[in-house]
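When reading the values below, keep in mind they use all heavy atoms of this one structure, side chains included, and skip hydrogens, waters and symmetry mates. All residue numbers in this chain count up from 1 along the given sequence.
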Amino acid sequence: MTQPKARFRWPHFAASSSQAVVEGGPPDLTTATVARRAIAPLSMRDRIVAIVAPAGYGKTTLMGGWFRACKDADPVWVGLDASWRDQVFFVRSLLNAVGGPSEPVAMGAIDATAAVESGLLALLQALGQRRRPMVLFFDDVHVLRGSESAHTLSRLLVAAPDYLRFVVCGREGMDFDLAVLTARGLVRWVTQHELKLDAQDVRELVRRRRLSAGDEEVEHIVGITEGWPALVQLALASGEGVQEAAGGSSNLLMDSFVYESFFKGLAPARRQALFVMAAIGDFTLPLLVALDAPEGAEAIAEGEQLGIVQRRGRVAGEPFYALHALVAERALTRLADMGLRPVFVRILRTRCAQWWHARGEVYRAIRVALEGDDARLASAYLTGYARQLVQGEGRHETFLDLLAQLESRGVEPDCALMLQAVWALVFLRRYAEAAAWLTRIERACGKGQSAGVRLILHTTVLQRGVIAGLRDNEADAEVFVRRWLAGPPDPDPFHYGAAQTVLAYAHKCNGRFAEAAQSLREAQVKFEEAPSPYGHMWVRVISAASLLKAGRHRDALADSASALAEEPAFAPGAAGLAAMLRAIRALLLYERNQCTDAMVEVEAALPLLPHQGIVDAMVAGYVAASRLQAARGDISGALDAAAEGERVGLARGFVRLQLTMVAERALLLLRAGDVEAARQMANDNGLLPQGPQTNLHRDKAERLWARLDLAQGRPDLALQWVDSGIARARRSHQQHKLAELLMLRSLALVRTGDAEGGHDAVMESLRIAASNGYVRLYLDEGPELESLLRRVADKPQSPTPAFLYARTLLLAAGAASARQDAAPADQERPTERELQILRLLADGLSNGEVAGRLVLTEGTVKWHLHNIYAKLGVKNRTGALREARTRAWLV
């Protein structure tokens, strides 16, 4: 875009929201500040201090004084602006501010919620590792109003360690809930009543400014300003000629006072500079020079001395400033009095946006162009920046906000922007909105035949496939991805990698494991070409899930261990993916009877598991959590863990997770001897081996009903369900499922009197188990299966792998029984997470409050409590606290 020919002295750049800077600090103290005698200093006894008042009451100044006075804690200043409304940006920027691991989401996290949750956990971990207390100062919290970041800040206030302190300030209507914390005595409030200046405060300001004012003049200033700190400062700065303001609202008082008593008293050049600053919002000295603002350096220096110009941080290598919001608001209302026509303002705002854009501050440039009503320029900038914003930085909410502002100004986004809107909504799990945008794109493109239009429509097909995959709809995912792969070539290697990853997921779901492996190899090549470490990590997750489903447990363990060993190289955005790998490993380790190691993996995975997008990993984690409790003999704990998985499945709309956990609960009830309750649960949830149910229902129902019918003396019916399942397991090459069904077939045949057939079935099951290391599959089935294994081991035969493995399983069963008899739980030490929970219980917190403090679900807290009770040999929290103190777990 060409520069306008005209040059204007007073550009207008409406207060834009800049990219946040957290390495800065509060505005410098000036002669315009005074100690607030009526307000108690910040104390480390204050958990949260909330400073709430209108603009101009010295909130930031008060916080700045406290910031500089911190001696027993490390202060961190967080100046909030519109950038922080994006949750991903909020959490990542805080991590950077406190010295934690920053997690940029490489190529856009597939699930922004998972990125936020993992970032919040990383933030709390970083804070927990600190050796000194810390105070976080949040300035202008009101800018978060109506955003998800306000909720995230609320969670942080609840979850933060006790040695972390907060000072939050903003105008009325800060959108986060402090009611509960206030009720618990954890919040000290400072309001405009305490912030008003009295006569003694004004006398101190007069002394600091080396002015002369008698008691009558001081009282006059207090009277006309109503103790409003900003007005008092301006009254003192204006010297002679302080005018009595017209009566009315505080807004009328402010407008009349600032203009009549302050603005008119300024020299013309300084007044012009003031209006330039007010119009620009955030500014640097080079920007003022570029826009011909008069006496820029002098205006900044004098404004800082008066306290009406505040340094905000650094941008583009220069300090940047902002005019005090109260003064800026009033100055902008008087622009017409200065003879500045709106058309000139728009042109100069455009110049300002171009200045920022030329320095690589694209986000600022877009905001400035929008505020300057140059929506076309903003659209051009956003089109060029969209991919980086959405897929590079993971700032999905930021992008959608900018796009909405464009539309509100009558700009129809082009299809390239619409495509990025779809990706952003997909990453935010707003699938219905994403589908609406896809329809809109297709309508906008119509039947266009240009190469660009065809490529855009082609990309929408891939996006529909990704949405279907993330919704666990493998059938639709495969249809869309195959259509995409059959279409014109896409130059973006990331798109091709994503398509092959989704296709591999569909292959895995349908038992086509060789095809899944081939698709994953192709995806890996494309992600290396992109390059996309994040995409590469997704390949590893799908690979582990595929090997797990195939029953190739040894390969799955090796593959997942290798991926986690590489995880530091994939650190950006990979915490959620690592959690899925750990969940898969937990079930694999449990099946190998390595319960201690499995418990470690479950504990690491559970905090992030509810927020993930691969159902196989979620199933593995919750099944492992449940079975580990059952292996300890804690059926109640096992049922709680399964119920938590079912709840997550319902909340996320993952039917496969929900039904799997229902089947797990029914199996637990059956093994506990409550056959009728197990049958009722199966009936109530449609888990019937015959009927109009889906293959998913039938798959779960056949194994469950085979056991139910065996328990109720109906082996013939059990054989019917087992044989149907065996046929499908052979076709789909699912080795673990086949071994399980063959084991059940052997039990059913023995019940019918066919001992030889039962022997053949269990031997085939054992051959499969020996090659893959299945152990708990047999140990969990109970005494009847153990008796069958003893008959295999006692039968004279050659030492085949199956025969030898039967002996291995019997040894494992004996060792497990010996461990249970020895009550090893008394010797187990608590994990760090369990100690955290015990300390919070000792403080009297409920399960829900503990969950809030540790950023866990309440179900996860219950899982930990069951572990604590087992280790301490108690049945409730009272006993746990008493026994923990006895063992010196709590001091």
Side-chain angles (χ1 to χ4, degrees), residues 83 85-93 103-120 147-149 151-152 363 382 385-404 413 416-438 440-441 459-460 462-473 477 480-481 492 494-495 497-499 501-502 505 527 530 532-539 541-542 570 572-577 579-580 608 610-615 617-618 652-654:
S83 303
R85 294 174 61 83
D86 186 311
Q87 281 192 99
V88 171
F89 183 86
F90 182 94
V91 173
R92 236 189 290 145
S93 298
E103 291 201 9
V105 186
M107 286 309 297
I110 287 294
D111 195 328
T113 302
V116 169
E117 294 299 321
S118 62
L120 196 53
S147 72
E148 289 298 321
S149 291
H151 175 62
T152 303
Y363 177 67
L382 184 58
Y385 188 38
R387 181 182 177 87
Q388 173 63 21
L389 199 60
V390 174
Q391 297 186 5
E393 299 175 24
R395 293 171 63 186
H396 318 309
E397 291 174 294
T398 297
F399 171 76
L400 292 171
D401 174 62
L402 293 173
L403 190 60
L417 283 177
M418 291 187 193
L419 285 175
Q420 292 301 331
V422 174
W423 286 127
L425 289 164
V426 168
F427 300 154
L428 291 167
R429 292 189 195 156
R430 289 153 59 177
Y431 302 129
E433 293 176 67
W437 275 93
L438 285 168
R440 185 174 169 182
I441 293 171
T459 304
T460 65
L462 173 62
Q463 289 176 323
R464 290 188 186 278
V466 171
I467 291 172
L470 291 173
R471 282 180 150 175
D472 202 40
N473 182 351
F480 285 121
V481 169
D492 189 335
F494 180 80
H495 284 175
T501 304
V502 173
Y505 184 72
F527 284 140
S532 174
Y534 188 81
H536 188 127
M537 198 68 171
W538 268 92
V539 168
V541 172
I542 301 300
F570 300 118
L577 298 172
M580 287 193 281
L608 293 176
H611 312 288
Q612 302 313 310
I614 298 299
V615 174
M618 301 172 78
R652 295 288 306 278
F654 288 152

Checklist entry - Could you state the interatomic distance from CG (Asp86) to CZ (Arg92), rounded to the nearest 0.5 Å? => result 7.5 Å
Checklist entry - What are the two closest non-hydrogen atoms of Met580 and Ala617, and how far apart are they? => result CB-CB, 3.6 Å
Checklist entry - Passes side chain to side chain contact (heavy atoms under 4.5 Å, CB included), Leu438 versus Gln463? Steps please. => result CA-CA 8 Å; Leu438 285 168; Gln463 289 176 323; 3.2 Å; yes
Item to check | Sub-4.5 Å side-chain heavy-atom contact between Arg387 and Trp423 | outcome: no
Next on the checklist: How close do Gly465 and Val481 get, counting heavy atoms only, and between which atoms?
Outcome noted: CA-CG2, 4.3 Å
Checklist outcome for this item: Exactly one candidate in Val422, Leu419, Val426 meets side-chain contact (heavy atoms from CB on, under 4.5 Å) with Trp437; the answer is Val422
Next on the checklist: With heavy-atom distances below 4.5 Å as the criterion, would you say the side chains of Leu120 and Phe90 are in contact?
Outcome noted: no
Next on the checklist: For the CD atom of Gln391 and the CZ atom of Phe399, what is their distance to the nearest 0.5 Å?
Outcome noted: 10.0 Å
Item to check | Closest non-hydrogen atom pair between Ala112 and Leu428, with its separation | outcome: CB-CD2, 3.7 Å
Checklist entry - Do Arg652 and Arg429 come close enough that some side-chain heavy atom pair is under 4.5 Å? => result yes
Checklist entry - Are the side chains of Trp538 and Ile614 in touch, meaning some heavy atoms are under 4.5 Å apart? => result yes
Item to check | side chain to side chain contact (heavy atoms under 4.5 Å, CB included) between Phe480 and Ile467, worked out | outcome: CA-CA 10 Å; Phe480 285 121; Ile467 291 172; over 6 Å; no
Checklist entry - With respect to Ile441, which candidate in Thr459, Leu417, Thr460 satisfies the side-chain contact (heavy atoms from CB on, under 4.5 Å) definition? => result Thr460
Next on the checklist: Quick one, Leu400 and Glu433 - any side-chain contact, counting heavy atoms below 4.5 Å?
Outcome noted: no
Checklist entry - So do the side chains of Tyr385 and Leu402 get within less than 4.5 Å of each other, counting heavy atoms only? => result no
Item to check | Residue list, side chain to side chain contact (heavy atoms under 4.5 Å, CB included) with Ala477, at least two apart or on another chain | outcome: Ala468, Val502
Next on the checklist: Quick check for you: to the nearest 0.5 Å, what is the distance between Gln612 atom CD and Ser118 atom OG?
Outcome noted: 8.0 Å
Next on the checklist: Restricting to side-chain hydrogen bond (donor to acceptor under 3.5 Å, both in side chains), what partner residues turn up for Thr501, sequence neighbours left out?
Outcome noted: none
Item to check | Phe427 vs Thr113, side chain to side chain contact (heavy atoms under 4.5 Å, CB included): CA-CA, chis, key distance, verdict | outcome: CA-CA 8 Å; Phe427 300 154; Thr113 302; over 6 Å; no
Next on the checklist: Ignoring hydrogens, what is the shortest heavy-atom contact between Phe654 and Leu470? Give both atom names and the distance.
Outcome noted: CE2-O, 3.5 Å
Next on the checklist: Nearest 0.5 angstrom please: Tyr534 OH to Leu577 CG, how far?
Outcome noted: 4.5 Å
Checklist outcome for this item: Between Leu608 and Ala575 the two heavy atoms that sit nearest each other are CD1-O, 3.7 Å
Next on the checklist: With no hydrogens and no angle check, just 3.5 Å: does a side-chain donor-acceptor pair link Gln87 and Ser149?
Outcome noted: no
Next on the checklist: Measuring from atom CZ of Phe527 to atom OG of Ser532, what distance do you get when rounded to the nearest 0.5 angstrom?
Outcome noted: 5.5 Å
Checklist entry - Arg395 versus Ser83: any side-chain heavy-atom pair under 4.5 Å? => result yes
Item to check | Spacing of CG belonging to Asp401 relative to CD belonging to Glu397, to within rounding of 0.5 Å | outcome: 9.5 Å
Checklist entry - Taking all non-hydrogen atoms of both residues, which atom of Pro413 and which atom of Met418 are closest, and how far apart? => result O-CE, 3.2 Å
Checklist entry - With Arg471, which residues qualify under side-chain hydrogen bond (donor to acceptor under 3.5 Å, both in side chains), at least two apart? => result none
